[in-house]
Novice: 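Here you go, one structure.
We count ligands from 1, going down the list as the structure has it; atoms in each ligand are counted the same way. Reckoned from all heavy atoms, side chains included, excluding hydrogens, waters and symmetry mates.
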Amino acid sequence: MQIQTAQESPALKPADLESLRVLIADDEPIICKTLSLFLRHIGINIIQTVSDGSYAVEELCRNSYDYVFVDLMMPRLTGLDVLKKVSESHPLSNVIIMTGFPSMDTVIEAMHYGASDFLVKPFRFEDVKIGLERMQTIRRLKEKNWQLHEELNKKKEVEELNYELEKRIRLQTILYNIVDSLSKINRSESLYHYIVRKAADSCNARRACFMIYDQGNSHLLAIAQEGLTGRFTGLQAVFRTDSEGTRILEDDFLSRHFGASSDTALPLNRITRVNGLMGVPFNIRNEPFGVLLIGEKTGRESFDTEDEFIIKFLAEKAALSIENIALYDNLKESLIATLKSLVSAIEAKDPYTQQHSSRVTEYASRIAMKMNCDHEVLQKLASVAPLHDIGKIGVNDAILNKPGRLTQEEFSHIMAHPLIGVNIVSPLGLDEEELSVIRNHHERWDGQGYPDHLRGSQIPMLARILAVADAFDAMNSDRAYRKALPSSDCMQELRKGCGTQFDPSVVEVAMDVLST
Ligand SMILES: [Fe+2]
């Protein structure tokens, strides 16, 4: 039989064959020798021979081979043992089992462990060559497949890293936003509403409620909510204390407002996830202050450790903010009280303006209440309206108390009092709405007022209300140069000023409120 050369076969390219590494394991030296000669003849240069299975395994531990020709029956380790070793540690190697007595069971077992081919002794070189051609094709496919597999793994790895990165960025953004937002909130009411909104938003939850312990420490009182159904004002829940001192909330509040199952028991001394609910304690100076409840995560998912981490962070930072706001409120109240007593002292010097600021505050509050301003706005008005004329401290008494007509220059001094007032209260950190009461209470509806010449709805609402209350009291009180006008005349004057000096909607309410 004529041996076909490698050059004649497209599957066996000389360049590929030169770099192939072949191991031959057979206890018959003649097989090792003749097979080596044939392989060299077709262009394979790197060939190692060993005389039994153990040597083959040792050699495979030291070096890797593209093809392993292994005799099935050898001393110490069989060809199948070598095959198992190769399939475990060298998945890209091809094993060719050589045997003189092939049985169907042996063939099946060898195929099971990944044998690439069988050579039945005595074999022809042509059979070896045909086998090599087929295995070279398979080998290339296996290498390509391996390469694709590796690329796929890398892609998956990159995708997983990207996913992790996005998760971390999202988490960091949420934490940053929490810190940033909390630093800008200086009112308790705003803070509680922020806590429930942020908790629901960050955890993709539909419901959240912030509750504080009442003074008797047997109830929790809801003070801010997001997404709860039904009546909210005055909502309470009863908790019990177990033998170990742990407070446990198992009120039907949880089933009514959070859809939790009726047997839900929520410990209040630690962050807890139970029955689709999450409860987070709020402690201030290590004393229980309240609890944040979150429920109904979208998609019927359960709250996870990331949700827990975010809410724990929110609770810790918000508890600090609550404490700071309480301290700030005390300080602010004390400063406002000082300034109010200053205003009273100044007013007391002039018998015609005594108690003016407190009356204006009362009138303005009645008008604002009738106009359905919310509780927070009413509180702002009550605290800052007494200070609306505090800037008059900076105006010469001789001008302030001058009984006759003021010169243009004297009036320009008077006109400075809103801005002087804003400067005086600047350490209080009042917000825009509060400051507007001091700065803009002399603006006019037609834009002819001062200091900013705002017109119509440009003038903040509290300043419009205060302007009407201020004018009413000025007309309704004795002055050095005239007696107090009767209420009916004052009303008449307010009506005349509708649409020029005053906001018509405020005057309309004032007519109703101040006539009694
Ligand atoms: Fe004023």
Novice: Are any N, O or S atoms from Asp470 nearer to the Fe ion (ligand 1) than 2.8 Å?
Specialist: no
Novice: With respect to the Fe ion (ligand 1), please indicate if His388 possesses an N, O or S atom at a distance under 2.8 Å.
Specialist: no
Novice: Any chance the rings of His417 and His388 have centres within less than 6.0 Å?
Specialist: no
Novice: Using the side-chain contact (heavy atoms from CB on, under 4.5 Å) rule, take Ile325 and Leu191 through it: C-alpha gap first, then chi angles, then the decisive distance, then the call.
Specialist: CA-CA 9 Å; Ile325 286 175; Leu191 178 62; 3.9 Å; yes
Novice: Any chance you could measure Arg170, atom CZ, to Ser202, atom OG, to the nearest 0.5 Å?
Specialist: 7.0 Å
Novice: To the nearest 10 degrees, could you say what angle the Fe ion (ligand 1) makes with NE2 of His417 and NE2 of His441?
Specialist: 90°
Novice: For the atoms NE2 of His442 and OD1 of Asp389, give the angle they form at the Fe ion (ligand 1), rounded to 10 degrees.
Specialist: 170°
Novice: Looking at Tyr192, Phe210, Phe289, which one forms a ring-ring contact (aromatic ring centres under 6.0 Å, His included) with Phe282?
Specialist: Phe210
